[in-house]
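Each ligand, and each atom within it, is numbered from 1 in the order the structure gives. Residues: numbered from 1 along the sequence shown.
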Amino acid sequence: MGNDIRIEIGAPTGVEVAPDLWGLFFEDINTCLDGGLNAELVRNGDFEFTELDRPGWNALTGWEVDGEGSVVVRAEDPVHPNNARYVRAVGPVTLTNEGWDGVGVRAGEAHRLSLAAWRVFGAGRLRAAVVAPGGKELAAAHLDVPERGWNWLEADLRGAADGRGRLAIAVPNGLTVELDVISLRPIGGDGAPLDFRPDLLEALKDLSPSFVRFPGGCLAHGLGLANMYRWKRTIGPRHEREQLPNVWGYHQSRQIGYLEFFVLCEHLGATALPVVAAGVCCQNTRGGPVPIPAEEMADYVQEVLDLVEFANGPADSGWGRVRAELGHPEPFGLRYLGVGNEDAITDDFRERYAQIEDALRAAYPELTVVGTVGPAPQGIDWEAGWAYARERAVDIVDEHAYRTPRWFHQNVDRYAAYSRDESKVYFGEYAARTNRVRSALAEAAFMVGMERNSDVVKLASYAPLLARLGGTQWNPDLIYFDAETVLPTASYYVQQLFAAERGTDLREVRVVGAEPLPVSLPRAGTARVSSEGAAFELTDIVLDGAPLGPVTTRADGEVVTLGALDPASAVLELTATRTAGAKGVSVQLGGEGVESYIELVVPNWTGKETVVNRYDDGISNDDDGGYPWRSLRTGERLRIRAELDGARVRIWVDGDLLHDYEQDLRPEHRIVVGAASRAGKAGEEYVVRIVNATDEARTATVLLPTSADVVGAVTVLAGAGPDEGASAEASPVRPEALEASGAAGVVVLDVPPWSLSVAVLTPST
Ligand code: AHR
């Protein structure tokens with residue numbers, strides 16, 4: 001049979017494809033909201049940036065002041081207590097805003113400038129212009145500033161040319177004004193300023209999402225109670241919204257708040273999936289997961305109930321009226337609500353989750369509540385979260401997996417083993433660790449597995465969605481962008497292909513000639529040590545019984561080799577003493593570079609856990625842990641012992657056995673096929689997905705359960721090697737549309753190496 005595979009598509013399995021399966025995870029991470037999807041062109045137009053957002057930031061971050069006059073930041077008489085700072089400008093002076101890598105204008109198009117201002121003293125007009133680097137004015141307008149109190153001013157700046165510049169607001173000699181809430185937005189076809197950047201909105205639309213989750217992620221529960229995302233503080237006039245530091249190290253203006261998120265869903269034709277905090281802030285907060293005090297929980301529960309009324313209540317209901325007054329009388333039809341995100345499953349969490357969910361069930365029994373089972377697809381919180389979900393019969397739980405391609409290929413059948421009688425699954429955050437083709441196809445293989453188990457997995461979303469070049473905290477992401485360009489990744493096209501063509505009824509699929517690939521132990525290599533962000537002295541080293549001399553590691557992460565080792569059977573002991581820095585030590589055992597190896601990290605990035613990773617193809621997976629551990633003091637001596645015995649890995653630190661597990665050697669499903677049928681225009685048609693994550697081209701003979709002739713449209717994502725593609729770059733592969741046909745229910749498809757094919761096959765009637 002050689003490289004041929006035979007795909008026999010059979011009867012309906014009786015399981016329907018989950019109608020909302022493919023959606024989007026939106027979180028304001030990677031500077032993707034202000035400076036991204038938010039169409040606002042002015043950066044820090046409210047003068048509300050502070051040190052708490054990022055050390056060194058202040059009310060004038062993003063602004064420059066030129067001229068003989070002065071600009072001072074004031075807070076005596078703000079536009080609103082939630083927008084506490086503003087500036088007083090004494091002319092002649094020009095305030096210039098850098099925007100987001102410049103302020104972009106389009107020739108012939110209008111851009112709405114709006115601001116709050118009042119004339120304190122003198123006479124004259126403000127002049128606002130977008131000025132290109134050489135001094136050319138791209139757009140300009142004058143504004144008269146009335147006296148006394150805050151006046152809300154507007155002017156339209158029409159682009160004289162396409163280009164990027166800076167917004168300069170000139171205050172003439174003799175005029176003193178106070179200014180705040182400065183905004184410049186492109187104007188849309190309906191004459192109103194745009195909420196969303198059009199090219200990014202288009203990129204999201206092209207993903208045909210069924211749902212959009214927001215506002216996070218970690219952002220939903222926040223670092224500390226004051227940082228928790230509270231929906232009521234994000235609606236209403238922009239200057240009345242509460243602005244907050246972003247957990248990802250910058251500022252949240254909340255110009256895009258809850259109302260705009262619902263409107264975004266409407267634009268995308270998607271249903272909303274808001275996630276509220278489960279009454280507990282993020283466990284990564286210094287001081288741990290702080291709960292809302294018990295006596296404040298009744299108010300918090302009411303706030304969550306009010307959100308549902310805000311979304312769904314008729315325009316004459318309490319919060320429905322608020323929505324109507326904000327310009328949206330029609331309800332949004334909210335069907336899902338997430339409670340909690342990756343929370344540690346503590347008693348505080350359980351109590352608060354239960355209060356919220358009980359109240360939602362009583363008031364809105366038709367709503368599907370999505371609970372949470374920790375940050376990883378295994379481990380302490382996952383187990384405790386699932387036990388709790390079973391106990392409470394939670395509708396759906398949110399599982400997350402940032403794992404290697406190997407993990408995704410090994411776990412294609414993960415959900416086949418799940419009980420059909422328990423909580424359903426939202427696979428709410430996942431990505432196979434890189435932006436390479438290898439990762440995108442591993443995600444595709446797993447997605448076939450999720451779709452196949454639609455009676456368990458109801459919703460799924462890749463994460464994170466968007467990342468601004470130069471403002472990225474987290475890789476990989478689905479879409480990178482800069483001020484002018486959108487860079488979809490290979491994973492983006494995978495998501496697009498799955499969502500664009502969906503069947504309704506899953507079909508039996510038998511594949512012949514696609515054996516899974518075995519996974520082996522890491523091959524013989526070396527024992528190595530390194531430390532990034534810290535320096536260590538390693539002494540009393542004994543490798544497989546042989547004593548070795550001391551070595552040191554530097555904070556730059558340079559790897560120091562200790563000696564040869566076979567990970568099938570090895571023992572390494574050493575004493576590690578941190579001499580500088582705040583991070584942990586990494587001990588690596590096995591192959592080098594892209595070869596597989598085991599890595600122990602004490603402590604890991606949290607500073608209070610240990611973890612064992614396995615690297616494959618240069619990509620790491622948490623193999624065991626992170627498990628809670630005490631933190632490490634500089635100067636303290638740690639005795640580490642690592643024993644590898646076949647698949648078994650054991651790690652002792654100071655005599656305590658911290659890790660004892662078997663490596664996961666289940667084979668990888670590299671060729672994966674899924675099929676579903678649906679009613680087409682001319683009768684039943686079949687949507688067939690074929691993932692080939694191998695080096696070999698295949699010829700697939702697809703046998704449909706019909707004897708009719710068949711025509712087909714096939715979209716193929718192929719043409720690059722597994723390690724092509726990188727973060728911050730456009731995908732090395734793009735979908736290509738092909739045609740296929742066959743007689744007597746048989747269609748032969750060419751399946752390139754490292755490819756995803758989605759075929760829509762239509763038997764003639
Ligand atoms: O997607 C980025 C982050 O990953 C999310 O905020 C969090 O839920 C997860 O840990």
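- Residue-level proximity to ligand 1 for Asn341 is carried by the side chain, the only part with a heavy atom below 4.0 angstrom.
- Residue Gly217 has no nitrogen or oxygen atom sitting less than 3.5 Å from a nitrogen or oxygen atom of ligand 1, judged on distance alone.
- For the salt bridge (Lys or Arg N to Asp or Glu O under 4.0 Å) condition, the pairs that include at least one residue of residues 253-264, sequence neighbours left out, are Arg241-Glu260, Glu242-Arg254.
- Protein heavy atom closest to atom 6 (O) of ligand 1, with residue, atom name and distance, is Glu27 OE1, 2.6 Å.
- In this model, a donor atom of one side chain and an acceptor atom of the other lie less than 3.5 Å apart for Ser210 and Arg502.
- Residues Gly257 and Tyr229 share a closest heavy-atom pair of CA-OH, 4.1 Å.
- Geometrically, Arg414 does not engage Phe446 in a cation-pi contact, judged by NZ or CZ lying under 6.0 Å from the ring centre and within 45° of the ring axis.
- Nearest protein heavy-atom neighbour of atom 1 (O) of ligand 1: Tyr402 OH, 2.8 Å.
- Test Asn435, Leu478, Leu497 against Tyr492 for side-chain contact (heavy atoms from CB on, under 4.5 Å) and you get one pass: Leu478.
- Ligand 1 lies nowhere less than 4.0 angstrom from a heavy atom belonging to Gly216.
- In terms of protein heavy-atom proximity, atom 8 (O) of ligand 1 is closest to Glu429 OE2, 2.6 Å.
- Inclusion of Trp474 in the set of residues having an N or O under 3.5 Å from an N or O of ligand 1 is not warranted.
- Remark: minimum distance from atom 10 (O) of ligand 1 to any protein heavy atom is reached at Glu342 OE1, 2.8 Å.
- Residue contact annotation: Trp248 has a non-hydrogen atom under 4.0 Å from ligand 1.
- The minimum heavy-atom distance between Thr271 and Gly333, with the atom names listed, is OG1-O, 4.1 Å.
- Side chain to side chain, Glu729 and Tyr480 fail the donor-acceptor criterion of an N or O pair below 3.5 Å.
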